[in-house]
Amino acid sequence: MADLRTVNQSDLNHLANAVYSLTNDAGQVSEVVGVVGLKANDLGKEIMQVRDEFDAFREFDEQQKELARAKTEIVNVRQQVQEQFGINDTVRQYLTGIMEASDLSLVRQRVIENCTERMMLSCPRYWLAPCLVAIAAWLGDNRSLADKALREAIKRDDEKTSLLFALICRRVGRMNASAVWLQRYLAVQDPHKIERKMVTVLDAYSNGLFGPQARESCTAKIEEWISELSAEPGFTENQQENWENAMISKTPGENHQGRYPYSAKRCLNWQEASNSLNETGLHQVLLDYFTDIFEKPVANTASLNQKLDELLENYISSYDNEELPLRRRERLLELIIEEHGRRTRAEDRFHAEQKALDEVVDFTQLLTNAAMHADVIKASNATQRLTIALSKEWMLSAFNNIQVKIRQKIPSFFHVDVEGWKGSIGDGSEEESLCTTAQSFFTQKKNQEISAVVQSKLDLIIPILVGILALIVVFLSPVWGLVLLLVAGGFALRWYLNKKNCEDRRAEIARRYDELIIDVKNTIRALCAERVDYIEDVRSRDEVSEKTQELMDSIQVAQYVGTGGQRMTL
Amino acid sequence: MKTPTNYLEWCKLFDEITTSSRNEEFMDAVRHGTISWTSGVAERFVRSASEMIRKRVNSAHDSYQRQMKNARGVSNNLVNALNSLHKEYQYVYKLANVLPIPEEYRATLVKSVVDQANQTQTSLEDSAKADRTGRLLILVRNAKVNKLG
């Protein structure tokens, strides 16, 4: 007791300050906890946003690097092509040059012979070099040299030489010789292993450049090959698949995020939905593609010689098989540059074109390639028309299959996630019901969070107990009684501040959830509106398929075989 | 007719307005309809409404062209064709005026209808000048398709 009485005023002040400070700290801590709780959700949202932005940036960065790499590498590849096969280009140029020179009689025979012989020396393996010597000898009436050069050319590449001379003979009006060379060429062809250069024959055939005898041989061969291939088991399915792949390769790769910003962000199956927009957009692409082929006016102004020259140039400038690996590499790099560094998309396009660049394909695949990748295998517009017409049945079946597959993949619902609430939107009419369920979901969460904010019972018990103790002690030692009363007062103040703080936190949670519910409802309404427009968008894109099908249906083979003014039936 | 309360119902109503002629029913539905004027819905609503107005005006023009072709110069037929066009403009103008959207957007839509009507009136008067008798010009000036208020 003596010790109790010796407590001085400064100790009392110190104790009172400590109690006040404790109360204050406790208040601050609970306030901080409240703020942290409030910010937790916002932070979660921000983290998601930052992650999305980071992913987008990383993708963009990778694309830029890929683009830069492709731009550098394409220069190297082109240099290699130039170094290894540049001389082949010169030989090709000489052939058309000699044909023109002989028409105009402007170049001396000696010069032509010199040039061709120099080319023969420069290209020890290239089949076109002895062909040049043969032509020069032919023009100079040197039959023995022409025969020798021809034998060498045939030895190097019989097929290519035969086709080249079929075209050259046609150009100089030697119809019978042309037909003989063509028959020689066609006779060695296997419809299962046709080389890309067959496109030249189709070009000549569809443009009406062959004489009647050669044209008949062609018609008969095409019919024979198609019926031979069609008789094989699994052929139709295979051919349909080829057409499906060729058509699908034309699927647009549009980004629809701009038109559907809410769905792109909140819809869990957005990728699927976006793909469906592109896939249904394919119908318009195909319609435009086929319309362009069939409605583009055919330039008939060129003379037969001009057309044959174009065909010859096209034929000899098509890459030789040994050039293909480098040409393929070059094409892939070109596609990466065209796709602004999106390698996957470029590779998809490349693989679709790849079949067109294959060295050997079956005849019907060649028809598909000429129709759908004309730019890659250098087929003329007339050939595209002819090959499409010849492949009409397979093309239509493939198109019908694609139509069904595309429709099956259109998502029936938008599965959405808005701030943790999940729902499905069918046709957009569910707006109110979804808003109601979202409201109940967040109200329940709000109530849970509010009920979790509970003041500790100790906050109340401690001041009561200390107060009772103070009342007891005050009779024994008024000073210590007073001290305890002060302590009890401090705890009572703490209880009051914490109580107020809890009420504030509850009010803050309620306010935050009320705002969130309004935001979520607005987002749901926006999502429903986007779903309505999405359905309409897909419907109108899908509707185009009917027009595309009508166009395909209307194609007739006989319309697209050039006859050079004579009647033709196929 | 159901009063539209969400975007889907409005789209259906707009589709009907462009294809059907139950004009008064539509007017009531538009007048009493509601739409949540929030981001994501508002811009789509305005786009759909202006698309509906465009289609309706185009169809009125097509109908006018057909009537004029069949009028064979008979004054009554010409007057009927002009009156139908005028009525259509008036209807579209009223529709734009009762859309449940904030004033500034409504005013823009209404202005687009008025501009279109003025342009049509000018174009009608210009083409009527080709008629040497001057009768058509008088009819066009009397009909005044741009008198909407």
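So that the names make sense, note that chain A is the first sequence line, chain B the second, and so on, each numbered from 1. Model, not experiment: these values are computed from the prediction.
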Proximity of residues 425-439 of chain A to chain B, residues having a non-hydrogen atom under 4.5 angstrom
A:D427, A:G428, A:S429, A:E431
Closest heavy-atom pair and its distance - A:A529, B:G40
CB-O, 3.9 Å
Between B:S39 and A:A526 the two heavy atoms that sit nearest each other are O-CB, 3.7 Å
Would you find more than 12 non-hydrogen atoms of other residues, nucleotides or ligands less than 6.0 Å from [X] atom [atom1]?
| X | atom1 | answer |
| --- | --- | --- |
| A:E536 | CD | yes |
| B:Y105 | OH | no |
| B:K94 | NZ | no |
| A:Q444 | CD | no |

In this structure, OH of B:Y7 is separated from CZ of A:R531 (nearest 0.5 Å) by 13.5 Å
CD1 of A:I524 to OG1 of B:T38: how many Å apart, nearest 0.5 Å?
11.0 Å
If you count heavy-atom pairs under 4.5 Å with chain A, which of B:R44, B:R47, B:E9 comes out on top?
B:R44
